[in-house]
Structures are given as C-alpha cells and as structure tokens.
Amino acid sequence: QVQLVESGGGLVQLGGSLRLSCEASGFSLDYYAIGWFRQAPGKEREGVSCIKSSNGRTYYADSVKGRFTISRDNAKNTVYLLMNSLKPEDTAVYYCATRPVPWSIDSSNWSNQHQYNSWGQGTQVTVSS
C-alpha cells in the first residue's frame, strides 16, 4: 500500500527556514518521482518542486527558485524540501505526491497535480511577517 507522510511544517518568521520531509512506504523512491505541492487558503493547489527517480533531475516553480531545494535519501525512502528565505506568501499546506507507475516527467507536466494519484496528508507552513 502506497503511503506518504509529510512532516516538518510549523511557524517561522520572515526570512527563516524549514525542512519538510516526505517519508514513503509501499514503494521505492529508486523508481518513482516525488512532487511537492502547496495550497493556500482560497487558492488552487500549485506545484512547488519535483525530483525524478531516474536521474535525480529537479524542477522548481519560479516563485521558489533559488530559495527551495528538493533532495532525496533513497536509503531512508524519504524526500526533503529545504525552504530558505521564507516569505509570508509561502504560507500554505504543503503536500508530497507520487504516481507509482512509470511515466515521463518533464518541465511541461511535473507541476500538474492530476498527474499524481497518491498524496500525503499535508503539513502546515506559516510564515509570519
């Protein structure tokens, strides 16, 4: 059974940092990509970042480039999202997601939430000014 569990969210001040974790079970990160998404109140869910399994290639939304870093530890079957220089507009519930079948990920589709069919429960990130 595929399961994703996020952790690491919390309250942080403007300019602070957090590291989110997404622990996977029921499948191996050696083979499938993980995406991070976020949803702020009253807004659509948006793609934040993605890491491929095959070559570790990463993708980022323009709004987080240079501030967020996605990485994975296959031995722990865990993906991380390090978030630096946080802004109030980063406040949202953050979700990790996967689709544990082979599929071709590229810059045009990684951020499409409908490409993913397994989601974690989310973790709240709040950035105060």
Side-chain angles (χ1 to χ4, degrees):
Q1 180 182 357
V2 173
Q3 189 172 13
L4 299 170
V5 178
E6 302 97 335
S7 61
L11 174 64
V12 64
Q13 289 188 331
L14 173 67
S17 298
L18 283 174
R19 189 180 77 160
L20 305 183
S21 299
C22 172
E23 184 173 0
S25 59
F27 71 101
S28 173
L29 290 180
D30 289 347
Y31 304 109
Y32 304 114
I34 292 286
W36 279 100
F37 291 77
R38 66 186 181 186
Q39 188 166 20
K43 294 190 175 182
E44 295 285 321
R45 188 173 296 186
E46 63 173 350
V48 174
S49 185
C50 175
I51 186 165
K52 293 179 68 170
S53 61
S54 56
N55 56 13
R57 180 167 181 177
T58 58
Y59 302 93
Y60 296 95
D62 288 343
S63 59
V64 307
K65 274 181 187 175
R67 300 188 298 123
F68 290 12
T69 303
I70 191 171
S71 62
R72 68 179 188 216
D73 184 337
N74 286 1
K76 295 183 178 180
N77 224 33
T78 300
V79 170
Y80 302 99
L81 185 68
L82 176 62
M83 307 186 296
N84 294 322
S85 303
L86 282 162
K87 306 174 182 180
E89 51 264 45
D90 295 317
T91 295
V93 178
Y94 283 71
Y95 301 89
C96 60
T98 192
R99 188 171 87 180
V101 295
W103 62 290
S104 181
I105 303 172
D106 58 34
S107 58
S108 69
N109 66 10
W110 72 267
S111 61
N112 181 349
Q113 62 174 312
H114 302 294
Q115 297 283 357
Y116 301 78
N117 61 5
S118 296
W119 294 80
Q121 83 289 350
T123 185
Q124 176 71 47
V125 171
T126 303
V127 184
S128 66
S129 56

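- Using a cutoff of 4.0 Å between basic side-chain nitrogens and carboxylate oxygens, Lys65 and Asp62 are scored as salt-bridged.
- A distance-only check finds no donor-acceptor pair linking the side chain of Ser111 to the backbone of Gly47 [under 3.5 Å].
- Scanning all heavy atoms of the two residues, the minimum distance from Ser17 to Ser85 falls at OG-N, 4.4 Å.
- Taken from OG in Ser7 to OH in Tyr80, the straight-line distance is 8.5 Å, to the nearest 0.5 Å.
- Sparse packing is recorded around CD of Gln13, with 12 or fewer heavy atoms of other residues, nucleotides or ligands lying under 6.0 Å away.
- Rounded to the nearest 0.5 angstrom, Gln124 CD and Thr91 OG1 are separated by 7.0 Å.
- Residue Pro100 comes nearest to Ser118 through the heavy atom pair CD-OG, 4.0 Å, listed as atom of the first residue, atom of the second, then distance.
- Phe68 and Ile105 fall into different hydrophobic clusters, defined by Ile, Leu, Val, Met, Phe, Trp and Tyr side-chain heavy atoms under 4.5 Å apart, directly or through other members.
- Phe37 does not carry Arg45 over the face of its six-membered ring by the limits of under 6.0 Å from the centre and within 45° of the normal.
- Atom-to-atom distance recorded for Asp106:CG and Lys52:NZ is 7.5 Å, nearest 0.5 angstrom.
- No side-chain heavy atom of Ser71 sits less than 4.5 Å from a side-chain heavy atom of Leu82.
- Nearest heavy atoms, Tyr60 versus Ile70: OH-N, 2.8 Å.
- Evaluated for a side-chain contact (heavy atoms from CB on, under 4.5 Å) with Val79, the options Leu4, Ile51, Asp73 yield exactly one hit, Ile51.
- A distance of 8.5 Å separates CD in Gln3 from CD in Gln121, rounded to the nearest 0.5 Å.
- Contact check for Pro41 versus Val93: no side-chain heavy atoms found under the 4.5 Å cut-off.
- Closest of all the heavy-atom pairs between Thr78 and Ser21 is CG2-CB, 4.2 Å.
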Side chain to side chain contact (heavy atoms under 4.5 Å, CB included) between Glu46 and Arg38, worked out = CA-CA 6 Å; Glu46 63 173 350; Arg38 66 186 181 186; 2.6 Å; yes

Could you list the donor-acceptor pairs under 3.5 angstrom formed by side chains in residues 22-34, with sequence neighbours left out?
residue, atom, partner, partner atom, Å
Ser28, OG, Asp30, N, 3.0
Ser28, OG, Asp30, OD2, 3.4
Asp30, OD1, Asn74, ND2, 2.7

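- Distance check, rounded to the nearest 0.5 Å: CD of Glu89 to CG of Leu14 gives 8.5 Å.
- Of the residues listed (Trp119, Trp36, Tyr94), the one engaging Glu6 in a side-chain contact (heavy atoms from CB on, under 4.5 Å) is Trp36, and it is the only one.
- Residues satisfying the side chain to side chain contact (heavy atoms under 4.5 Å, CB included) test with Val12, not counting sequence neighbours, are Leu18, Leu86, Val127.
- Neither Trp110 nor Val48 shares a network with the other; the hydrophobic side chains, linked directly or stepwise wherever heavy atoms of I, L, V, M, F, W or Y lie under 4.5 Å apart, form separate groups for each.
- The shortest distance between side-chain heavy atoms of Asp90 and Met83 does not fall below 4.5 Å.
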Kindly determine whether Ser49 and Val64 satisfy side chain to side chain contact (heavy atoms under 4.5 Å, CB included), including the steps that lead there.
-> CA-CA 8 Å; Ser49 185; Val64 307; 5.5 Å; no

